[in-house]
Amino acid sequence: MSRIGRAPIPVPDGVTVAINGQHVTVKGPKGELSHTVVSPITIAQEGGELLVSRPTDRAPHRSLHGLSRSLVANMVEGVTKGFEKRLELVGVGYRAQMKGKDLEIAAGFSHPVIMTPPDGITFETPAPTQIVVTGIKKETVGQVAADIRKVRPPEPYKGKGIKYEGEVIRRKVGKRA
């Protein structure tokens with residue numbers, strides 16, 4: 001059989017995969033995730049890897065194949081290593097601190113902004129100007145980090161705001177006399 005239309009995903013030791021028709025459940029040291037694969041795409045476990053395959057090379061099948069493979073690969077990586085997003089607060093008086101499980105952000109408003117983590121997400125503040133969002137589900141980690149950034153997005157004139165670690169803010173010149 002040719003390898004076209006098949007994409008293997010290696011399954012590390014300590015991870016168990018249960019496939020029930022189109023429903024995939026992955027259990028690992030950090031937790032358990034499940035997903036239902038779209039119908040024309042098939043998934044099978046052969047040896048120490050998962051094989052995601054498509055019926056034809058038509059464009060809709062190719063796109064669904066790539067999406068399904070990425071989602072399952074992210075599930076495997078999530079239950080083994082987990083995911084994290086790092087944010088930085090830039091500006092005078094901008095800081096973050098933990099209040100129990102909640103995150104309290106002072107970002108130049110008249111009041112602190114309190115963010116409660118959804119299930120499976122944890123916050124850390126290694127420094128007053130840094131926030132680390134961790135979890136096993138990549139989509140949720142990215143969405144929560146985007147919600148935190150949305151509290152005070154970085155502005156282009158002074159560069160103040162909440163930005164991702166390593167994000168480059170394009171600066172504008174401002175007024176000229």
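Computed from a predicted model, the values in this text were never measured in an experiment.
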| remark: Residues Glu155 and Ile169: closest non-hydrogen pair is O-CG2, 4.0 Å
| query | With side chains defined as the heavy atoms from C-beta onward, is the minimum distance between Leu67 and Ser70 less than 4.5 Å? | reply | no
| task | May I ask you to check if Lys85 and Tyr164 form a cation-pi contact, with NZ or CZ under 6.0 angstrom from the six-membered ring centre and within 45° of the axis? | result | yes
| Hey, are the side chains of Leu71 and Val24 touching, using non-hydrogen atoms and a 4.5 Å cut-off? | no
| request: Say whether, by atom type as modelled, one donor and one acceptor occur between the side chain of Glu139 and the main chain of Gly142 under 3.5 angstrom. | output: no
| Are the side chain of Ser68 and the backbone N or O of His65 linked by a donor-acceptor pair below 3.5 Å? | no
| query | Linking I/L/V/M/F/W/Y whenever any side-chain heavy atoms sit under 4.5 Å apart, do Val132 and Ile121 land together? | reply | no
| field | Shortest non-hydrogen separation from Gln130 to Leu89 and the atoms involved | value | N-CD1, 4.5 Å
| message | side-chain contact (heavy atoms from CB on, under 4.5 Å), that's the test. Do Glu77 and Phe83 meet it? Break it down for me. | response | CA-CA 8 Å; Glu77 185 178 345; Phe83 294 100; 3.8 Å; yes
| task | List in chain and number order the residues that pass salt bridge (charged side-chain N to carboxylate O under 4.0 Å, His left out) with Arg86, two or more places apart in sequence or in another chain; answer none if no residue qualifies. | result | Glu84
| field | Test side chain to side chain contact (heavy atoms under 4.5 Å, CB included) applied to Ile148 - qualifying residues, sequence neighbours left out | value | Leu87, Leu103, Ile105, Met115, Phe123, Ile131, Val133, Val144, Ile162
| With Arg152 via salt bridge (charged side-chain N to carboxylate O under 4.0 Å, His left out) - residues at least two apart | none
| request: State which residue, out of Thr42, Leu64, Ile41, fulfils the side-chain contact (heavy atoms from CB on, under 4.5 Å) condition with Arg54. | output: Ile41
| Other residues, nucleotides, ligands: >12 heavy atoms within 6.0 Å of Arg149 CZ | yes
| query | Going from CG on Asn20 to CD on Gln22, what distance comes out if it is rounded to the nearest 0.5 angstrom? | reply | 10.0 Å
| So which heavy atom on Thr56 is nearest to which on His61, and how close? | OG1-ND1, 2.6 Å
| said: Quick check on the hydrophobic clustering: are Val151 and Met98 connected, directly or via other members, by side-chain heavy-atom contacts under 4.5 Å? | reply: yes
| task | Please report the shortest heavy-atom distance between Arg69 and Ile9, naming the atom on each side. | result | O-CD1, 3.7 Å
| task | Would you please name every residue forming a side chain to side chain contact (heavy atoms under 4.5 Å, CB included) with Lys175, sequence neighbours left out? | result | none
| query | So, Arg95 side chain and Ala127 main chain: donor-acceptor pair closer than 3.5 Å or not? | reply | no
For residues 26-39, please give each side-chain donor-acceptor pair under 3.5 Å, one per line with the distance, not counting sequence neighbours.
| residue | atom | partner | partner atom | Å |
| --- | --- | --- | --- | --- |
| Thr36 | OG1 | His23 | ND1 | 3.0 |

| Can you check whether Pro156 reaches Arg171 side chain to side chain, under 4.5 Å on heavy atoms? | no
| Thr129 vs Val90, side-chain contact (heavy atoms from CB on, under 4.5 Å): CA-CA, chis, key distance, verdict | CA-CA 7 Å; Thr129 59; Val90 178; over 6 Å; no
| field | ring-ring contact (aromatic ring centres under 6.0 Å, His included) partners of residues 98-118, not counting sequence neighbours, each pair once | value | Phe109-His111
| Distance in Å, Glu165 CD paired with Glu88 CD, rounded so as to fall on 0.5 Å steps | 5.0 Å
| request: Report the C-alpha separation of Thr25 and Val17 in whole Å, then their side-chain angles, then the decisive distance to 0.1 Å, and conclude whether the side-chain contact (heavy atoms from CB on, under 4.5 Å) test is met. | output: CA-CA 6 Å; Thr25 304; Val17 179; over 6 Å; no
| message | To check you understand the geometry: which heavy-atom pair defines the closest contact between Pro10 and Val76, and what is its length? | response | O-CG1, 4.0 Å
| Are Glu124 and Thr134 close enough, and set up right, to give a side-chain contact (heavy atoms from CB on, under 4.5 Å), and what steps lead you there? | CA-CA 8 Å; Glu124 293 175 42; Thr134 56; 4.3 Å; yes
